Q: 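For reference, the structure I am asking about is given below.
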Amino acid sequence: MTEKDDETYCMIVDAARPPEADGPPYAECVLCQEPTEYPESYKGITLCPPCEWQEAQRTACSG
């Protein structure tokens, strides 16, 4: 592997997280219907920051 391959290989990409929007319109949260920080055009599950945090807490403690 070359140094460039190492840099590309080591980049962490969170495929489960949609890209953040540059501005409105924003997608609605699937739990509370509040605006999220994700573009409306994103297809998939989107959560607002509070619901995202609660979901992370719920899954972290589900042991």
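Treat the numbers as computed from the prediction; the structure is a model and nothing was measured. Numbers here are sequence positions counted from 1.
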Q: Does any N or O in the side chain of Thr36 come within less than 3.5 Å of the main-chain N or O of Leu47, such that one atom is a donor and the other an acceptor?
A: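 Checking the backbone N and O of Leu47 against the side chain of Thr36, no donor-acceptor pair under 3.5 Å is found.
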Q: Within this structure, what is the OH-CD distance for the pair Tyr26 and Glu37, rounded to the nearest 0.5 Å?
A: 9.0 Å
Q: Please enumerate all residues that pass side-chain contact (heavy atoms from CB on, under 4.5 Å) together with Glu28, with sequence neighbours excluded.
A: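 Testing Glu28 for side-chain contact (heavy atoms from CB on, under 4.5 Å), a comparison that skips the adjacent residues, returns Gln33.
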Q: At what distance, to the nearest 0.5 angstrom, does CD1 of Ile45 lie from CD of Glu52?
A: 11.5 Å
Q: Is there side-chain contact between Cys48 and Cys32, with heavy atoms separated by less than 4.5 Å?
A: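 Result yes, sub-4.5 Å side-chain heavy-atom pair found.
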Q: side-chain hydrogen bond (donor to acceptor under 3.5 Å, both in side chains) with Glu34: which residues, sequence neighbours excluded?
A: none
